[in-house]
Amino acid sequence: MEMSGNSLIDSIYEAGIMPSLWPDTLAELARFFRTRGALLMVQSGGTERWTASPSLGSLMRDFEEQGWSKHNIRAARCRSLSSYAGFVTDQDIATPHELETLPIYTEFLRPRSLEAGAGTTIQGIKMDGLMITLEGFDGYFKAREAVAQLDQLRPHLARAAAISARMKMEQATAATDALAAIGSAAAVLATDATIVSANSAFSALVASSIGDRTGRLTFSEPGVDVELSNALAAANSGIGRSIAVRRAGQAMFVIHVAPLLRSAQDVFSVGAALAVIDVPGRSAFLDVQTIRSLYDLTPAESKVACLVAEGRTPAEAAKSLGVSMETIRTHLKRTYAKTGTERQAGLSIQLRSLTGRLPNP
């Protein structure tokens, strides 16, 4: 590829290391091939997430709001060719008659000059499938003409995606290991209850409840699977829940399900929730440092979180820390945003859910 192509490759690997750069890299990819925009979609743990170049952001939101994502025959056909290590165009996945008559083309794509695209599916990166597409070529011929160069870029895109996915896996492992260090049994779960990462304490407690092949967490106790499914769905909306599991002949335990917050464009996030098992009599205190690492809080924010969750009023927290009320309000506002809570009570419940007891500031 030309010099500009080398610059694009550099940007692709930068996005691999810093996933927040993918929208800008997709925009650069679109400019290089003179398309309307580029899109990256990830299927993982029963959910699909996407990020796009800024030029496609509003169009993708329209696509979802109008229900096209549930009937996306275009993406389905591209994924059906996942064993093909290259880019395909709309002319490869649809007949000329279908291009003229399928609703997705006639009602959504063509009116927005997006009917000519090229895409590829990449497998084997710790998720069900990743798709990269370029949308809005200046006609089907231009899309097909770009395939040779796109195929040269594909190995770089695949490696960068693998790096991003691996980094998220490492973060998931770090979260469960941090809780193991203070005696908590924890796991990161996907939306479909697949265990992404679990520390040894968690694995030991639920050894009989992990599917041999699927790696999903399932329970024979009546109603628990439904409650877990509901809790994971709630976690996607930033809501935490707790589930009591009563097993015949064994000690009862509670699974606290807390949301793992992520950027809306962080498509490589591998987990939906942090699950922590609380066995009566085994709870541990959660220290400030662990809170900081789990929620990316500043030292000041974590101290305020501990005090307020303990039941102190903002005024008492301000006095205890020797700062103004305005400073406390600022810390709380940022802490609520990072933990997915809205009020003092919600923050207290969130932190209790990690060990079953209040943290020790």
Side-chain angles (χ1 to χ4, degrees), residues 1-44 48-57 59-60 72 74-94 109 113-169 265-268:
M1 305 191 85
E2 300 174 358
M3 191 65 191
S4 57
N6 291 330
S7 175
L8 176 57
I9 291 172
D10 290 342
S11 295
I12 288 170
Y13 283 111
E14 286 175 4
I17 297 170
M18 297 181 63
S20 62
L21 295 179
W22 275 107
D24 291 339
T25 299
L26 292 169
E28 189 174 345
L29 186 67
R31 285 193 297 271
F32 184 84
F33 288 96
R34 298 182 179 180
T35 68
R36 290 279 304 281
L39 174 70
L40 187 155
M41 292 185 290
V42 170
Q43 280 189 335
S44 179
E48 182 174 87
R49 298 186 294 274
W50 61 267
T51 188
S53 56
S55 59
L56 291 184
L59 291 170
M60 280 303 298
N72 193 349
R74 195 167 174 248
R77 289 186 179 182
C78 188
R79 286 197 176 97
S80 72
L81 300 174
S82 60
S83 60
Y84 175 66
F87 277 78
V88 296
T89 70
D90 286 275
Q91 288 183 315
D92 297 314
I93 62 174
L109 296 173
S113 300
L114 296 173
E115 70 271 24
T120 187
T121 299
I122 299 170
Q123 299 283 2
I125 55 172
K126 295 289 184 180
M127 50 189 60
D128 303 331
L130 176 145
M131 184 184 300
I132 297 174
T133 67
L134 283 85
E135 307 291 352
F137 282 93
D138 187 18
Y140 296 125
F141 176 78
K142 290 293 185 181
R144 189 174 292 281
E145 191 178 51
V147 166
Q149 278 190 303
L150 283 168
D151 284 348
Q152 290 180 46
L153 281 176
R154 188 179 185 276
H156 303 294
L157 290 166
R159 292 188 197 105
I163 292 169
S164 291
R166 182 61 185 172
M167 289 179 66
K168 290 301 176 182
M169 287 293 296
Q265 293 182 331
D266 188 2
V267 296
F268 289 96

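Not measured: the values here are computed from a predicted model. Scope of the values below: all heavy atoms of this structure, side chains included, with no hydrogens, waters or symmetry mates.
- Between atom CG of residue Leu157 and atom CD1 of residue Ile132 there is a gap of 4.0 Å, rounded to the nearest 0.5 Å.
- When only modelled atom types and interatomic distance are considered, Asp10 and Ser7 share no side-chain donor-acceptor pair under 3.5 Å.
- Minimum interatomic distance between Ala15 and Thr25 (heavy atoms only, all atoms of both residues): CB-OG1, 3.5 Å.
- Salt bridge present: Glu135 and Arg74 bring a charged side-chain N and a carboxylate O closer than 4.0 Å.
- Taking OG from Ser53 and CG from Leu39, the interatomic distance works out to 8.0 Å, rounded to the nearest 0.5 Å.
- Of all non-hydrogen atoms in Ser164 and Trp22, the two that sit nearest each other are OG-NE1, 3.2 Å.
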### Query
Between Ile122 and Arg154, does a side-chain contact (heavy atoms from CB on, under 4.5 Å) hold up when you go through it step by step?
CA-CA 9 Å; Ile122 299 170; Arg154 188 179 185 276; 3.8 Å; yes

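- Checking Asp92, Thr133, Leu150 one by one against Phe87, the side-chain contact (heavy atoms from CB on, under 4.5 Å) holds for a single residue, Leu150.
- Here NE2 of His156 is found 12.5 Å from OG of Ser11. Values are rounded to the nearest 0.5 Å.
- Looking at Asp151, its side chain never comes within 3.5 Å of a backbone N or O of Gly86 through a donor-acceptor pair.
- Contact check on Asp138 versus Arg34 returns no salt bridge, with no Lys/Arg side-chain nitrogen under 4.0 Å from an Asp/Glu carboxylate oxygen.
- Heavy atoms only, all atoms of each residue included: Gly37 and Ser55 are closest at CA-OG, 3.5 Å.
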### Residue pair Phe137, Glu145: steps toward the side-chain contact (heavy atoms from CB on, under 4.5 Å) verdict
CA-CA 10 Å; Phe137 282 93; Glu145 191 178 51; over 6 Å; no

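- Side-chain N/O atoms of Thr121 and Arg79 include no donor and acceptor closer than 3.5 Å.
- Between Trp50 and Leu40, the closest side-chain pair of non-hydrogen atoms is not below 4.5 Å.
- Between Ile93 atom CD1 and Cys78 atom SG the span is 6.0 Å, to the nearest 0.5 Å.
- Residues Glu115 and Tyr140 are in side-chain contact: their nearest non-hydrogen atoms beyond the backbone lie under 4.5 Å apart.
- Thr51 and Pro23 get closest at one heavy-atom pair: OG1-CG, 3.3 Å.
- Here Arg36 pairs with Leu59, Ser113, Leu114 under the side-chain contact (heavy atoms from CB on, under 4.5 Å) rule; sequence neighbours left out.
- Atom CD1 of residue Ile163 and atom CD of residue Glu14 lie 11.5 Å apart, to the nearest 0.5 angstrom.
- For the atom pair Thr89 OG1 and Arg144 CZ, the distance stands at 4.0 Å (nearest 0.5 Å).
- Counting all heavy atoms, side chain and backbone alike, Ala27 lies closest to Pro54 at CB-CD, 4.0 Å.
- For the pair Thr120/Met131, no side-chain contact is recorded, criterion being any heavy-atom separation below 4.5 Å from C-beta on.
- When all heavy atoms of Ala146 and Phe33 are compared, the closest pair comes out as CB-CD2, 3.8 Å.
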### Task
Please report the C-alpha distance between Leu134 and Leu29 in whole Å, then the side-chain angles of each, then the deciding distance to 0.1 Å, and finally whether the side-chain contact (heavy atoms from CB on, under 4.5 Å) criterion is met.
CA-CA 8 Å; Leu134 283 85; Leu29 186 67; 3.9 Å; yes

### Query
So Leu153 and Ile9, side-chain contact (heavy atoms from CB on, under 4.5 Å) or not? Walk me through it.
CA-CA 7 Å; Leu153 281 176; Ile9 291 172; 3.7 Å; yes

